[in-house]
Protein chains: 4
Amino acid sequence: MRDQMKRAKKAPAPRRRDAEQSRQLILQAALEEFSTYGHSGARVERIAVNAGVSKPLLYDYFGDKDAVYAAALKEAYVQIRQGELQLDLDTLSPEEAIRALVQFTMRHFREKPWFIRMLNTENLLGGTTIREISDAKGVQSVLVERLRSVLTRGANAGVFRAGVDPIEFYVFVASLCYFPVSNIHTLRAVFDLPMDIAWLDRRADEAADMLLLYLRA
Amino acid sequence: MRDQMKRAKKAPAPRRRDAEQSRQLILQAALEEFSTYGHSGARVERIAVNAGVSKPLLYDYFGDKDAVYAAALKEAYVQIRQGELQLDLDTLSPEEAIRALVQFTMRHFREKPWFIRMLNTENLLGGTTIREISDAKGVQSVLVERLRSVLTRGANAGVFRAGVDPIEFYVFVASLCYFPVSNIHTLRAVFDLPMDIAWLDRRADEAADMLLLYLRA
Amino acid sequence: MRDQMKRAKKAPAPRRRDAEQSRQLILQAALEEFSTYGHSGARVERIAVNAGVSKPLLYDYFGDKDAVYAAALKEAYVQIRQGELQLDLDTLSPEEAIRALVQFTMRHFREKPWFIRMLNTENLLGGTTIREISDAKGVQSVLVERLRSVLTRGANAGVFRAGVDPIEFYVFVASLCYFPVSNIHTLRAVFDLPMDIAWLDRRADEAADMLLLYLRA
Amino acid sequence: MRDQMKRAKKAPAPRRRDAEQSRQLILQAALEEFSTYGHSGARVERIAVNAGVSKPLLYDYFGDKDAVYAAALKEAYVQIRQGELQLDLDTLSPEEAIRALVQFTMRHFREKPWFIRMLNTENLLGGTTIREISDAKGVQSVLVERLRSVLTRGANAGVFRAGVDPIEFYVFVASLCYFPVSNIHTLRAVFDLPMDIAWLDRRADEAADMLLLYLRA
DNA sequence: AATGAATGAGTTTTCATTCAT
DNA sequence: TATGAATGAAAACTCATTCAT
């Protein structure tokens with residue numbers, strides 16, 4: 001009878017879910033913490049509190065602060081890639097597809113600012129962590145693959161010139177969207193422009209114009 | 001004989017008891033420290049040691065770590081602007097000038113990596129410090145002014161279309177040069193490209209091509 | 001056998017991992033430290049060592065040095081009031097009660113020198129801390145209330161004149177007991193008198209004589 | 001001619017005065033600093049700034065912080081004794097003289113608060129410094145001597161009882177005036193009385209009443 | 001699986017004091 | 001006589017990490 005009660009208390013299924021959920025809560029809190037304060041500025045204590053767990057639990061799951069950071073960085077890529085899956089370029093004309101890609105990228109960076117902040121943090125650290133994340137290369141942005149097919153479609157249709165490397169072109173797209181979002185604070189301080197969301201979206205439009213001129217056959 | 005006197009009079013390396021020089025040494029060490037480790041990761045102790053002074057002296061001159069950071073950020077802008085003065089666009093044709101500007105910007109970012117790193121650090125902090133540096137707006141990049149005159153020359157000569165805002169165009173230039181340098185570590189980890197100096201310079205060339213297409217009348 | 005189990009179960013001296021006890025140990029050590037060295041002279045490190053805890057624990061519980069000081073000041077009042085509860089004046093005649101009060105006060109000051117020293121420290125600081133301790137007024141010495149009833153009894157019995165304010169009279173009592181204890185060191189240095197415990201007790205007797213003359217109807 | 005100019009510049013007399021004046025300025029600043037912040041809380045830097053001299057000069061004159069403290073403590077006694085010289089009791093009747101002494105003492109403590117604060121500071125330190133000031137005993141308050149003659153006059157006139165020790169009586173006077181001034185901050189925090197200057201003066205009057213009852217034949 | 005209690009090893013900051021002129 | 005420049009030693013305070021239950 002006692003045993004029964006014990007079992008009733010420690011039902012295996014919900015416990016396991018709790019553990020997995022705790023991990024996820026920690027990961028989310030870590031993502032916010034590291035992207036807000038950077039690697040050194042992040043506080044393990046705050047991560048635990050915001051995740052609603054105790055510090056020893058966090059250490060049990062991840063090992064140490066650096067491991068939490070690595071997991072958060074990986075999580076950042078995972079989440080951003082999940083978002084990218086929602087973009088469908090195949091149903092658009094090559095030119096519309098390019099414009100859609102640029103607009104999407106700008107909105108993506110704008111709406112998930114923690115991603116840019118994690119990249120900045122990681123680059124300040126010299127990229128040591130991302131290099132150690134095993135499958136990094138495998139997770140290469142799906143956008144590049146979709147972009148490759150758009151460029152091919154455009155070249156076949158004779159509207160784009162051939163021979164444009166999709167990775168290098170994607171670097172152009174990313175550059176034009178990344179910088180105005182990433183550096184919004186210093187830009188605002190130095191230039192007298194109203195750098196708000198509308199401005200960013202207009203930048204994306206202009207960038208798309210320019211990129212299309214560059215691609216034109 | 002002369003050499004001997006010179007040596008006797010001023011030992012070359014440790015010219016001590018010179019307040020202005022000490023300040024400058026601290027500033028330089030701080031610039032390196034903050035751009036290498038970020039705001040939280042920077043260590044006042046290391047700054048002092050690398051400047052060859054004691055910590056109390058540093059505190060005497062600047063007040064606290066944040067004040068040293070603010071001074072280093074300002075110094076970053078001062079030094080980068082000094083470098084920009086060396087670029088002469090007036091003797092070039094408008095089209096050559098644009099290309100030169102892009103190449104210069106890329107080289108500038110590449111060769112003074114502490115500048116990009118300071119900007120990243122400051123943007124991670126939310127730009128609170130640069131907003132407090134009084135004359136930030138006044139120190140607006142000279143490049144923008146030079147660019148303005150190039151665009152005007154080009155428009156007058158009929159080779160560029162009119163109405164291109166120099167600030168917004170400069171944001172394009174900066175974006176295309178900033179991102180590949182700033183994010184070199186994460187790019188390398190994710191893409192299978194040999195991202196070295198030569199690659200960066202080729203990127204600048206391609207970017208110049210694209211920007212000129214965008215400007216063309 | 002029992003003894004053995006007892007010992008095995010709880011080692012007597014270092015009962016660790018008891019938050020409330022740790023707090024109390026810190027408080028006691030702080031009281032001693034601040035009353036010995038004053039506010040600026042007190043060392044957080046010494047408090048921690050004497051409490052048998054680490055500095056971080058102390059900071060965890062109290063926040064900063066000033067907060068420890070405030071808690072110690074409050075503790076001083078708490079402990080002194082606890083001592084005052086042991087004085088019973090109701091069973092004595094009014095005149096005996098006054099004499100007992102004076103003797104008790106003198107002994108109290110003499111035997112709990114940290115109290116006077118805390119008051120001196122706090123008054124040197126301008127009383128900013130005690131003003132912030134919320135219930136300070138509420139903890140007003142019980143002695144005043146007991147004194148009030150003694151004065152009333154004496155007036156009703158016709159041995160004391162009426163209309164003597166108990167607070168102001170208590171200030172007389174405290175003055176006459178406080179000064180010789182508080183200033184014993186400077187008094188010794190300036191006057192050629194053997195200022196020892198016996199002297200203090202004789203002072204209390206004389207003071208009681210004087211106070212009774214003052215109260216006499 | 002040159003020599004003459006030199007001599008004119010370094011006139012000996014005013015230089016010497018400057019040195020003595022600097023010493024005095026330091027002493028005054030030290031008195032204020034130590035009585036305001038206590039021994040540990042006092043800052044050598046502030047003393048130098050407030051005295052209008054450099055720190056090395058201060059060290060040159062006094063040696064170290066403790067020596068400055070000792071000098072300031074001595075100066076406190078010197079200045080307070082100078083004030084006491086202004087009190088003339090010989091022209092008053094014994095009873096009036098006692099009342100005048102009490103009022104004077106209260107006013108003295110009230111108007112020179114740095115004296116009480118220095119005494120508190122020194123007593124917190126255990127009186128080690130005053131013991132080392134050589135002529136401390138010699139500088140014993142003149143008030144005691146004047147009081148002695150008043151008590152004798154009163155005894156001879158039959159208005160005071162004989163055998164009252166002037167030192168011990170003076171301790172009564174000092175106690176009654178010292179405590180309400182010294183402890184004004186904690187008293188205010190604990191008791192609901194308007195403890196202002198008028199209150200202090202009324203306390204002195206009541207104290208004089210009581211002391212006279214005690215002296216009466 | 002989970003956590004309240006606790007700390008070693010730093011990190012920033014302060015301060016009495018000295019150096020060099 | 002006088003001081004701006006400089007610092008060793010120590011103080012307050014923090015933070016990643018572990019202990020004991």
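Bear in mind the structure is a predicted one, so any value in this text is a computation, not a measurement.
Within the 3.5 Å criterion, the main-chain N or O of A:Tyr37 finds no donor-acceptor partner in the side chain of A:Arg117. Here the side chain of D:Asn123 pairs a donor or acceptor atom with the backbone of C:His185 at under 3.5 angstrom. Checking side-chain atoms of A:Glu122 against main-chain N and O of A:Leu73 turns up no donor-acceptor pair under 3.5 Å. Not a single donor-acceptor pair under 3.5 Å links the side chain of B:Glu33 to the backbone N or O of B:Val44.
Counting only residues at least two apart or in different chains, salt bridge (Lys or Arg N to Asp or Glu O under 4.0 Å) contacts with residues 21-31 of chain D are absent.
When the side-chain contact (heavy atoms from CB on, under 4.5 Å) test is applied to A:Glu45, the partners found at least two apart in sequence or on another chain are A:Val49, A:Lys55.
Scanning residues 53-67 of chain D for heavy-atom distances under 4.0 Å to DNA chain F yields D:Ser54, D:Lys55, D:Pro56, D:Leu57, D:Tyr61. Within a heavy-atom distance below 4.0 Å of DNA chain F, no residue of residues 30-47 of chain B is found.
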Would you be so kind as to tabulate the donor-acceptor pairs closer than 3.5 Å made by side chains of residues 56-63 of chain C, with sequence neighbours excluded?
none

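Judged purely by distance below 3.5 Å, without hydrogens or angles, the side chains of B:Glu75 and B:Gln79 pair a donor atom with an acceptor atom.
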Please convert DNA chain E into dot-bracket. A pair counts if it is Watson-Crick or G-U wobble with both distances under 3.5 Å; crossing pairs go in [ ] and bases paired with another strand get |. .||||||||||||||||||||
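Put simply, B:Ser22 has a side-chain N or O that comes within less than 4.0 Å of OP1 or OP2 on F:dA6.
Between B:Leu27 and B:Ala71, the shortest heavy-atom contact is CD1-CB, 3.6 Å.
A distance of 10.0 Å separates CG of D:Leu31 from CD1 of D:Ile47, quoted to the nearest 0.5 Å.
Distance CZ (B:Arg23) to P (F:dA5): 12 Å, rounded to an integer number of Å.
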